[in-house]
Amino acid sequence: MGIINIKDLKPKMVLLGDIKDCRGRLLISKGTVLNEKYLKICRMWGVVEADVQGVSPEDLYASAINSFDAAAVTAAEQIVQERFCHNDMTHPAIRELVRLSTLRIASGRIPYLVETDQDDDAAIQRHKAELDRIRKRIPLNVNTAQYIGDTTKLSTLPAIYRQIIDAISKPSSSTYDIEKVIRMDTNLAARVLKIVNSAFYSYPSKIDSLSHAVNIIGTKQLSTLAVGINITSAFKNIPSEIINMKMFWKHSVLCGICAKVIAGYKNIQNTERMFVAGLLHDIGRLVLYNYLPIESLFAATTARGNHSLLTVAERDLFNFDHSTIGGDLLNKWQLSLSLEDCIRHHHDPERSKNRVEASIIHLADIMANVMGIGSSGERLIPLFKQEAWVQLGITPNTLSVTMEQAEQQLEDVFELIYTDEQTH
Ligand SMILES: [Fe+2]
Ligand SMILES: [Fe+2]
């Protein structure tokens, strides 16, 4: 009758098709009547959906939406129509995201959408004259070398990151060498230990030493994580009227966790790398907010007025967007090429050299926007590329499962990154 999400499976349902794990191995045969034991097997093996008799995804959505107040549903549907206006509503992934978004908004789980308008209006009033001046100079002739060029503050990473990156890239480096570098910075070592003990990994027992963490997680993975979580502290002092930094990092951490979860479904090794790519995907916006705050406010105001995507408004204003300057910054920092490529192409993964990874960040960003927790300044749902969906080869039911997992991990990981970012 219909392929439904794992969370909707109930005992006594009858399978119309085999259930397989992510590697294609048979777990439960078709015709089986489900019971608690089978449901547990499904959860254990990360099954996301099953074909069952007598229930359709449409019926389940209808009964979920009918449990909310009719006025709240109508209002939610209107917001969703506006937020997805640049997307193809007939695409199966978008259709599912629209449903998930409607349910979230109707249930009142997206507070940020309401707050942001008043803050923006106040900032626009305060900077009216400057915004008018910018309007007369479009497109702005921005030389990015001024902000991330060789002589600028952002052009180099603090020595500790350089040492970690050098230690990872030297074939002669041992686990001990890398551990030694991380240990040199006690704050860094403490953060690494905190993250390995967080919901991000959910290890059953406590990992109480750096060497234990290195052994379990692996040097490369741990170093990637160490560099990623510390880069957040390179940006401080951005005026809060331009961007709420807490909201910015929430969106970024959420994107990172979604990317890590999707990478897990795709059997990609070193999912920490995907987390870091998600964490840093919009870092170009921080360069813009930091050095061109009023221009960034102009781009946000224009996007809002025209119902266009912020990325498009950025391109119209600067002749480039945040993904380009973000990619350039990572290049300057000499981080790995695959990380740079993911960030440069998170809005156009079809142009990436590593399409699967860039597609993961592309989708993770869209999911983080749909979830409406945090924001990097974009008010609408970014344009979802059909090519990314083809590259990923996942099913629409994977989206809600990923979102649920990401939401469970979010607070734990966010607290760790954002609190430290403020005090570092
Ligand atoms: Fe972006
Ligand atoms: Fe984003």
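Just so you know, ligand 1 is whichever comes first in the structure, and atom 1 is the first atom listed for that ligand. If you read the sequence from its start, that first residue is 1, and numbering goes on from there.
Residues Asp321 and Ser323 bring a donor and an acceptor atom of their side chains to less than 3.5 Å of each other. For the 3.5 Å distance criterion, the side chains of Ser376 and Arg285 qualify, holding a donor opposite an acceptor.
Judged by distance alone, with hydrogens and angles left aside, the side-chain atoms of Asp348 form no donor-acceptor pair with the main-chain N or O of Glu350 at under 3.5 Å.
The Fe ion (ligand 2) is closest to atom OD1 of Asp365 (considering only N, O or S atoms).
For residue His322, an N/O/S atom approaches the Fe ion (ligand 1) to within less than 2.8 Å. The Fe ion (ligand 1) has an N, O or S atom of Asp282 inside 2.8 Å of it. Taking 2.8 Å as the criterion, Cys255 does not count as a coordinating residue of the Fe ion (ligand 2), since none of its N, O or S atoms falls below it. When distances to the Fe ion (ligand 2) are checked against a cut-off of 2.8 Å, His346 contributes no N, O or S atom below that limit.
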For His322 and Leu310, what are the C-alpha separation, side-chain angles and deciding distance, and is it a side chain to side chain contact (heavy atoms under 4.5 Å, CB included)?
CA-CA 10 Å; His322 67 284; Leu310 182 54; over 6 Å; no
Evaluation steps, ring pair (Phe, Tyr, Trp, His ring centres under 6.0 Å), between His346 and His281:
CA-CA 7 Å; His346 73 273; His281 77 286; 5.0 Å; yes
